[in-house]
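Shown next, in structure tokens, is the structure this report addresses.
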Amino acid sequence: MLERIVRHKGVTYMAKKVTPRGQDYARWYTDVIQQAELADYAPVRGCMVIRPYGYGLWEHVQQALDRRFKETGHKNAYFPLLIPESFIKKESEHVEGFAPELAVVTHGGGKKLEEPLVIRPTSETIIGHMYAKWINSYRDLPLLINQWANVVRWEMRTRLFLRTLEFLWQEGHTAHATYDEAEEETMRMLEIYSDFAETDGAIPVIRGRKSESEKFAGARHSYSIEAMMGDKKALQAGTSHNLGQNFAQAFDIKFLDTNNQLQYCWTTSWGVSTRFVGALVMVHGDDQGLILPPRLAPIQVVIVPIWKKEDERSRVLAAAEQIEEVLLSENVRVELDAREQYRAGWKFNEWELKGVPLRVEIGPRDVENRQAVVARRDRPGRADKKTVKMEGLAPRVVALLDDVQQSLYDRALQFREDNTYQVEDFSAFQEIANGTGGFLDAYWCGSESCETAIKEATKATIRCIPFDQPKESGHCVFCGQKAAERAIFSRAY
RNA sequence: CGGGGCGUAGCGCAGUCAGGUAGCGCACUUGAAUGGGGUUCAAGUGGUCGGAGGUUCAAAUCCUCUCGCCCCGACCA
């Protein structure tokens with residue numbers, strides 16, 4: 001056993017080359033994730049190990065979100081993994097939605113259980129149960145709780161980060177005295193997700209409402225932020241649900257209002273998962289590998305010292321350490337790569353694969369001239385390297401990190417705009433959806449039959465009905481009937 | 001569950017049709033030269049050929065059964 005583990009430490013990937021995106025996008029995606037050491041396949045089908053580098057990225061996602069939750073009055077708590085099976089069955093839509101993908105524990109302690117336990121696919125039910133105990137009066141409201149947890153959904157087809165049997169996420173669960181307050185909370189959290197995705201993830205998103213068929217099982221309304229991946233497919237990067245009184249009624253979450261009237265609460269839930277890591281990979285990555293936005297990158301700057309002779313080694317290393325120190329004092333997440341078994345060129349490729357936003361190279365010539373060379377990951381290769389004097393290095397690096405962050409956002413937005421089409425008739429719709437792909441911005445009458453007909457013809461689904469709508473109404477792209485709103489259609493992950 | 005493919009060294013594969021000493025590349029170890037964009041050369045380490053049974057003087061290879069994984073179709077953060 002020990003021997004096996006030790007041997008597994010030596011796992012490497014042939015030639016460290018990734019499949020070009022144009023050749024096979026799906027393969028590129030898994031190559032990048034494995035070779036950049038974000039994650040690896042676990043021995044159980046559909047499960048993955050999040051490796052330290054990938055987990056570091058997730059930790060920054062967590063921090064960026066958690067800070068925003070706290071700023072808006074939410075507190076973290078933890079609810080258990082195991083849920084009585086009967087709980088799931090209490091809300092009819094919810095059962096229907098989740099029954100096929102439940103993992104169920106039937107035995108414990110060597111005995112068959114009286115009532116099977118479900119491994120949470122999400123925690124509305126158990127949290128609803130507890131809220132019923134904790135909430136008595138309007139004075140207990142609003143109740144604003146978030147939990148960071150793992151959940152399990154027995155998916156058919158799985159992909160690293162995008163769809164695994166077990167995944168990590170945060171799920172916020174709140175209870176309010178009125179519908180309006182719940183709706184306000186739902187929108188507030190969607191706005192927080194948008195701000196997080198755009199500011200920290202450098203991922204432009206479209207905010208909108210989900211169609212009936214796409215909404216969360218048990219929700220009254222679902223909202224989402226949708227992002228375009230590098231292959232022009234859509235990915236839901238976060239969702240926020242107004243649950244109405246559905247769960248309050250199912251779990252008896254009631255409070256006495258100011259008029260001494262007993263009322264059901266209005267609840268919400270909202271979540272962002274490790275899927276967001278997949279979005280970061282697919283929005284920003286290129287054929288060289290990952291490109292991480294500086295605000296979420298586990299390592300923002302890597303320093304690569306370069307030397308030939310032994311006497312150069314100490315001088316270069318001393319200068320590299322000096323750079324490390326000044327960057328640390330500016331709170332830059334910096335790593336000095338002083339490994340001796342690899343040469344500079346090898347390290348350049350390695351750190352580009354890992355998506356580190358900035359690389360500082362320093363060799364004997366630079367030490368002599370009191371300077372260093374800075375390369376940015378979003379513009380790889382030798383052409384865009386800049387020589388920077390030691391004196392102004394730290395502020396320059398800080399400014400460059402901001403610039404990379406902004407450039408990544410701008411580039412992603414440009415890409416989305418270049419691949420979004422306003423279409424008014426279905427033949428144009430089909431041609432794009434079945435051809436080049438992208439987001440299709442079209443009027444939709446609101447009927448489910450048009451929605452499914454479009455899906456069958458093109459595999460494109462309604463990603464969301466954007467909040468940002470034209471003032472005038474139009475005609476449904478499929479049936480030609482009057483339509484009040486435009487929707488974003490796309491093939492999706 | 002239906003269709004397709006694959007299990008041979010840590011990883012990627014060849015060898016299977018035509019049975020005859022288990023190979024190649026990468027990684028790893030040691031040494032030397034190299035060192036500003038994946039460096040050469042040399043010498044090494046490492047394998048119950050997914051598992052079980054059978055045929056045969058002899059099986060990675062042929063036969064039977066079995067287990068597992070991946071990809072494509074019905075669900076989803």
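Per chain, numbering begins at 1; letters A, B, ... match sequence-line order. Just the heavy atoms: all of them, side chains too, but no hydrogens, waters or symmetry mates, feed the values below.
Side-chain to base pairing of A:K459 with B:G73: no donor and acceptor N or O lie closer than 3.5 Å to each other. Counting atom types as modelled, A:R163 pairs a side-chain N or O with a base atom of B:C76 as donor and acceptor under 3.5 Å. For A:R359 and B:G37, a side-chain-to-base donor-acceptor distance below 3.5 Å is present, hydrogens and geometry of angles not being considered.
In this entry B:C13 has B:G23 as its Watson-Crick or G-U wobble partner, both defining distances falling under 3.5 Å. As the counterpart of B:G68, B:C6 is assigned, both hydrogen-bonding distances of the Watson-Crick or G-U wobble pattern falling under 3.5 Å. Across all strands shown, B:G47 has no partner, as no Watson-Crick or G-U wobble contact with both distances under 3.5 Å is found. In this structure B:A18 sits in no base pair that meets the Watson-Crick or G-U test at under 3.5 Å. Both distances falling under 3.5 Å, in either a Watson-Crick or a G-U wobble arrangement, occur for no nucleotide opposite B:A74. Shown here, B:A42 forms a base pair with B:U30; the pair counts as Watson-Crick or G-U wobble because both key distances fall under 3.5 Å.
Nucleic acid contact class of A:T387 (heavy atoms, under 4.0 Å, all strands): none. Backbone-only engagement by A:R45 is indicated by non-hydrogen atom pairs under 4.0 Å involving sugar-phosphate atoms exclusively. At a threshold of 4.0 angstrom between heavy atoms, the contacts of A:L162 include nucleobase atoms, whether or not backbone atoms are also involved. Contacts of A:F276 with the nucleic acid, taken as non-hydrogen atoms under 4.0 Å apart, are absent. Nucleic acid contact for A:V151: none, since no nucleic acid atom lies under 4.0 Å from a heavy atom of the residue. A:G271 comes within 4.0 angstrom of nothing in the nucleic acid, heavy atoms only. Using a 4.0 Å heavy-atom cutoff across all strands shown, A:G381 reaches at least one base atom of the nucleic acid.
Listed candidates were B:G36, B:A74, B:G38. Nearest to the side chain of A:A344 is B:G36. Across B:C76, B:G36, B:A74, the shortest atom-to-atom separation from the side chain of A:E101 is found for B:C76. Checking B:C28, B:G36, B:A77 against every side-chain atom of A:I306, the shortest atom distance belongs to B:G36.
A distance of about 14 Å separates the P atoms of B:G51 and B:G47, rounded to the whole Å. Spacing between B:A14 and B:U8 at atom C1', rounded to whole Å, works out to 10 Å. For the P atom pair drawn from B:G7 and B:A60, the interatomic distance equals 16 Å after rounding to whole Å. The same atom, P, is picked in B:U61 and in B:A18; the two are 15 Å apart, to the nearest Å. Remark: the separation of the P atoms in B:G46 and B:A9 is 15 Å, to the nearest Å. Separation of the C1' atoms belonging to B:U40 and B:U34 is 7 Å when rounded to the nearest angstrom. To the nearest whole angstrom, the two P atoms, one in B:U64 and one in B:C17, are 14 Å apart. With C1' as the reference atom, B:U21 and B:G68 are 31 Å apart, rounded to whole Å.
Within a 6.0 Å sphere centred on CZ of A:R67, other residues, nucleotides and ligands contribute more than 12 heavy atoms. Atom CD of A:E391 has more than 12 neighbouring heavy atoms from other residues, nucleotides or ligands inside a 6.0 Å radius. Under a cut-off of 6.0 angstrom, the local environment of CZ in A:R370 is sparse, with at most 12 non-hydrogen atoms contributed by other residues, nucleotides or ligands.
Regarding A:R313, its CZ atom lies at a distance of 16 Å from the P atom of B:G36, rounded to whole Å. Straight-line distance from the CD atom of A:E350 to the P atom of B:A27: 12 Å, rounded to whole Å. To the nearest angstrom, C1' of B:C28 lies 15 Å from CZ of A:R339. As rounded to whole Å, 15 Å separates atom C1' of B:G37 from atom CG of A:D384. Separating the OH atom of A:Y29 from the P atom of B:C71 is a distance of 13 Å, rounded to the nearest angstrom. For the pair A:H94 NE2 and B:C76 C1', the interatomic distance rounds to 14 Å; values are reported in whole Å. Taking atom CD of A:E155 as the reference point, atom C1' of B:G73 lies 16 Å away to the nearest angstrom. Taking atom CD of A:E361 as the reference point, atom P of B:G38 lies 12 Å away to the nearest angstrom.
A:R313 CZ to A:I306 CD1: the interatomic distance, rounded to the nearest 0.5 Å, is 15.0 Å.
Between A:F167 and B:A77, a base-stacking contact is recorded: ring centres under 5.5 Å apart, planes less than 30° from parallel.
Checking each of A:V301, A:L401, A:D200, A:V332 against A:P294 for a side chain to side chain contact (heavy atoms under 4.5 Å, CB included) leaves exactly one that passes, namely A:L401. Each of A:D31, A:D287, A:D231, A:D286 was compared with A:R21 under the salt bridge (charged side-chain N to carboxylate O under 4.0 Å, His left out) criterion, and only A:D287 meets it.
Checked against the 6.0 Å centroid criterion, the rings of A:F251 and A:H129 do not qualify as a close aromatic pair. Checked against a 6.0 Å centroid threshold, the rings of A:F79 and A:H173 do not count as neighbours.
Distances shown here put a side-chain N or O of A:R382 below 4.0 Å from the OP1 or OP2 atom of B:G37.
We find that A:E226 and A:R416 are not joined by a salt bridge, their nearest charged nitrogen and carboxylate oxygen being 4.0 Å or further apart.
Using a 30° and 60° split on the angle between ring planes, A:F467 and A:Y223 fall in the tilted class, from 30° to 60°.
Nearest-nucleotide positions on RNA chain B for A:F348 and A:A492 put A:F348 closer to the 5' end.
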Name the pairs: protein N/O against N/O of nucleotides 30-34 of chain B, kept only if under 3.5 Å.
unit_1: B:U34; atom_1: O2; unit_2: A:R343; atom_2: NH1; d: 2.9

Every protein N/O lying under 3.5 Å from an N/O of nucleotides 3-8 of chain B:
none

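Contact annotation: the side chain of A:I362 approaches that of A:M390 to within less than 4.5 Å [non-hydrogen atoms, C-beta and beyond].
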* Decide yes or no on salt bridge (Lys or Arg N to Asp or Glu O under 4.0 Å) for A:K455 and A:E451, but give the supporting numbers first. => CA-CA 6 Å; A:K455 183 178 179 180; A:E451 188 182 3; over 6 Å; no
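Remark: A:R359 pairs with A:V302, A:V304, A:F348, A:E352, A:E361, A:A375, A:K385 by the side-chain contact (heavy atoms from CB on, under 4.5 Å) rule, at least two apart or across chains.
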